[in-house]
Amino acid sequence: MSLHIGAEQGDIAEVVLMPGDPYRAKWAAETFLTDAKCINEVRGMLGFTGMWNGHRVTIQGSGMGMPSLSIYANELIRDYDAKTLIRIGSCGGMQDHVGIRDVILAMSATTVNTPSSGMFRELNFAPTADFGLLHAAYAAAQSHDSKVHVGPIYSSDVFYDERPDLNEQMVRHGILAVEMEAAELYTLAARYGRRALAVLTVSDHLITHEALPASDREKTFGDMVEIALTAAFAA
Ligand code: HPA
């Protein structure tokens with residue numbers, strides 16, 4: 001057990017998928033894993049371990065925002081020795097050529113701040129995906145219907161943003177989408193020598209103001225989970 005995860009030692013696989021929503025962890029485990037067993041219920045932040053194509057996988061909710069993800073990713077790495085951590089989640093599109101339902105593989109994650117920022121003092125650390133995972137995810141995405149984009153994203157601290165000028169600068173600088181977790185995940189993976197990637201589905205759009213209808217979510221999110229699983233176990 002760790003402070004926020006009730007799993008026994010050995011209950012958590014080396015590969016961990018991390019959706020923000022604990023109920024999405026449950027859905028993904030029931031949909032994609034065999035023999036899935038619930039390994040965490042502390043604070044309702046559900047986690048499951050099961051098998052996918054002969055490989056052991058854990059799907060553990062991270063909660064919303066970097067402070068929450070940071071707690072779970074720290075404990076998965078430091079207490080359970082997770083080696084590969086892939087965020088699966090939704091994001092808001094920020095470019096005209098990025099459409100609702102598209103999949104985004106986040107190469108880098110710009111931020112104002114992460115829970116790790118303090119330790120860097122005056123330095124602006126550049127949180128970056130693992131290239132092997134990114135490459136494998138891009139290859140895996142080719143066999144899915146979803147359109148895939150590889151590029152930079154913005155990990156924001158706020159969903160209800162009072163600084164639209166920041167979003168404008170992100171758009172000007174080619175940022176594909178906004179979400180709230182990847183930059184801290186990439187920073188922790190770098191610190192501990194682990195592999196990390198964020199595979200995201202565009203659920204809403206900051207420029208066109210479109211939003212993904214609830215009825216479409218499962219199919220689209222399913223592509224994201226399959227891409228993440230295939231990338232995690234690519235040779
Ligand atoms: N902002 C921040 N995070 C998000 C968004 C958004 O518009 N959509 C999905 N995650």
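This structure is a prediction, so every number in the text was calculated from the model and none was measured. Both counts, for ligands and for their atoms, begin at 1 and track the order of listing.
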Margin query: Given the ring of Phe221, does Arg24 sit roughly above its face, with NZ or CZ under 6.0 Å from the centre of the six-membered ring and within 45° of the axis?
Written below: yes

Margin query: Can you tell whether the side chains of Arg163 and Asp161 come within less than 4.0 Å, N to carboxylate O?
Written below: no

Notebook entry, point to check: Under 4.0 angstrom from ligand 1, any heavy atom of Ser90?
Noted result: yes

Next item on the list: Check ligand 1 against Cys91 and write out every atom of the ligand that is under 4.0 Å from a heavy-atom position of the residue.
Entry: 8 (N), 9 (C), 10 (N)

Notebook entry, point to check: When you measure from atom 1 (N) of ligand 1 to every protein heavy atom, which one gives the shortest distance, and what is it?
Noted result: Val178 CG1, 3.6 Å

Next item on the list: With the side chain counted from C-beta on, respond yes when Met51 and Val57 share a heavy-atom pair under 4.5 Å apart, and no when they do not.
Entry: no

Margin query: Suppose we measure from atom 7 (O) of ligand 1 to each protein heavy atom; which comes out shortest, and what is that distance?
Written below: Asp204 OD1, 3.1 Å

Next item on the list: Indicate, with yes or no, if Ile88 and Leu134 share a hydrophobic cluster defined by side-chain heavy-atom contacts under 4.5 Å among Ile, Leu, Val, Met, Phe, Trp and Tyr.
Entry: yes

Note to self: For atom 2 (C) of ligand 1, what is the closest protein heavy atom, and at what distance to 0.1 Å?
What the structure shows: Phe159 CD1, 3.7 Å

Notebook entry, point to check: For ligand 1, which part of Asp161 has a heavy atom less than 4.0 Å away: the side chain, the backbone, both, or neither?
Noted result: neither

Next item on the list: May I ask you to list the atoms of ligand 1 that are less than 4.0 angstrom from any heavy atom of Leu206?
Entry: 7 (O)

Next item on the list: Please work out which of the three classes, parallel, tilted or perpendicular, describes the rings of Phe125 and Phe120, given edges at 30° and 60°.
Entry: parallel

Notebook entry, point to check: Donor-acceptor pair, Ser155 side chain versus Ala183 backbone, under 3.5 Å?
Noted result: yes

